[in-house]
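Let me begin by presenting the structure, written as structure tokens, before commenting on it.
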2 protein chains.
Amino acid sequence: MSDDAPLSTSFGDWQTAGFDAGACPVRNVLDRIGDKWTTLTLAALAARPRRFSELHRIMPDISKRMLTQTLRDLERDGLATRHVFPTKPPSVEYRLSPLGRSVLHPLAGLIGWAEQNFAAITEARRRYDTMRTGPPAEEEAT
Amino acid sequence: MSDDAPLSTSFGDWQTAGFDAGACPVRNVLDRIGDKWTTLTLAALAARPRRFSELHRIMPDISKRMLTQTLRDLERDGLATRHVFPTKPPSVEYRLSPLGRSVLHPLAGLIGWAEQNFAAITEARRRYDTMRTGPPAEEEAT
DNA sequence: CTTTAGGGTCTCAAATTAAGACTAGGTCTT
DNA sequence: AAGACCTAGTCTTAATTTGAGACCCTAAAG
């Protein structure tokens with residue numbers, strides 16, 4: 001299930017079925033996965049369960065508000081579970097559910113792609129930006 | 001490279017390297033891929049090249065502004081190319097570059113996961129929401 | 001008594017996205 | 001010939017999201 005044909009096919013089916021959010025599992029699910037912080041949070045939970053503050057330390061540039069919300073969404077979707085320990089300053093641990101762990105694999109594929117093609121993308125960006133601001137003397141001679 | 005061990009490893013490395021956007025290929029790339037419309041657009045271009053309006057018809061709920069921007073970003077990143085045909089009302093065709101096609105495969109993995117687990121996620125959401133609003137007669141009898 | 005820690009919530013401001021009017025040039029209709 | 005319409009965008013103006021950081025409560029530490 002990794003050739004090119006089945007690939008086109010699945011994209012084809014998807015489109016045929018309609019892209020309507022709500023009606024569409026893919027959009028529905030990808031909207032969450034593709035969320036700015038969700039992937040990062042999943043990755044942070046991949047190795048082991050983590051507490052709220054710990055997650056915040058790992059991802060310093062997420063606001064508590066968004067971290068809370070991301071975690072809630074993960075919990076709501078059944079990808080993570082929340083465990084409260086009634087210690088003195090109560091601590092809360094988040095851990096991936098089996099469902100949550102199952103998304104790690106496809107996600108890793110994407111991450112691998114990102115790592116492998118980062119250079120190409122960076123170069124493409126550089127070229128594009130250069131072309132937009134750089135070629136003051138390079139139009140085709142009309 | 002699809003077991004669980006290497007998987008955890010890659011996530012581990014990623015985190016060790018730091019999650020800083022900019023410094024981090026993964027965040028850098030995933031921020032774009034994970035963008036609300038990028039995945040959809042890639043999928044729309046997977047089968048064949050498409051014109052602007054055609055894309056807009058396929059994804060009716062994207063604004064022209066965002067479609068334009070998504071397409072520009074794709075072009076900038078070298079994932080798609082833009083071809084202008086000087087027909088009467090000029091038409092513009094977008095097509096995936098080889099790099100763009102290469103992302104389809106990992107993306108398909110995620111899409112497959114979404115399709116397979118949509119039911120489980122929906123059910124988890126239902127449970128979660130029920131638990132939050134539903135148990136009006138279920139507190140412990142004080 | 002003040003500070004620190006943990007896990008959040010809340011408010012306000014900044015940034016992003018959606019909706020849709022408007023453009024330019026040419027064709028089609030009447 | 002006047003007016004309507006097409007494509008591919010751009011621009012302006014809302015509405016929605018996100019970010020930054022103050023603030024809450026409890027209990028131990030200093």
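Residue numbers start from 1 in every chain, and the chains themselves are labelled A, B, ... in the order their sequence lines are given, proteins ahead of strands.
- In this entry the distance linking CE of Met66(B) with C1' of dG9(D) reads 14 Å, nearest Å.
- Using a 4.0 Å heavy-atom distance criterion, Ser91(A) is classed as a sugar-phosphate-only contact.
- To the nearest angstrom, P of dA20(D) lies 15 Å from CD of Gln69(A).
- In terms of heavy atoms, Tyr94(A) sits closest to Leu45(A) at O-CD2, 3.5 Å.
- For dG8(C), the OP1/OP2 oxygens have a side-chain nitrogen or oxygen of Tyr94(A) closer than 4.0 Å.
- Distance Ile62(B) CD1 to dG20(C) P: 15 Å, rounded to the nearest Å.
- When all heavy atoms are compared, the tightest approach of Glu54(B) to Pro49(B) is OE1-O, 4.3 Å.
- One interatomic measurement links the two molecules: CD of Glu93(A) to P of dG8(C), which rounds to 12 Å at whole-angstrom precision.
- With the nearest nucleotide of DNA chain D identified for both Asp35(A) and Pro89(A), Asp35(A) has the one nearer the 5' end.
- Within 4.0 Å of Phe85(A), counting heavy atoms only, lies no atom of the nucleic acid at all.
- Distance CZ (Phe52(B)) to P (dT23(C)): 18 Å, rounded to an integer number of Å.
- For the pair Arg65(A) and Val92(A), both in contact range of DNA chain C, the more 5′-proximal nearest nucleotide belongs to Val92(A).
- Phosphate contact (OP1/OP2 of dA18(C), side-chain N/O of Trp37(B), threshold under 4.0 Å): present.
- The side-chain heavy atoms of Phe52(B) and Thr68(B), taken from C-beta on, include a pair separated by under 4.5 Å.
- Regarding His56(A), its NE2 atom lies at a distance of 14 Å from the P atom of dA5(C), rounded to whole Å.
- Between Arg72(B) and dA8(D) there is no side-chain polar atom (N or O) within less than 4.0 angstrom of OP1 or OP2.
- Spacing between atom NE2 of His83(A) and atom P of dG8(C) amounts to 13 Å, rounded to whole angstrom units.
- A salt bridge links Glu123(A) to Arg126(A): at least one charged side-chain nitrogen sits closer than 4.0 Å to a carboxylate oxygen.
- The two residues Val29(A) and Ile121(B) have their closest heavy-atom pair at CG2-CD1, 4.0 Å.
- Nucleotide dG21(D) holds its P atom 16 Å from the CG atom of Leu67(A), rounded to whole Å.
- Along DNA chain D, the nucleotide nearest to Arg57(B) and the one nearest to Lys64(A) differ in position, and the one closer to the 5' end is contacted by Arg57(B).
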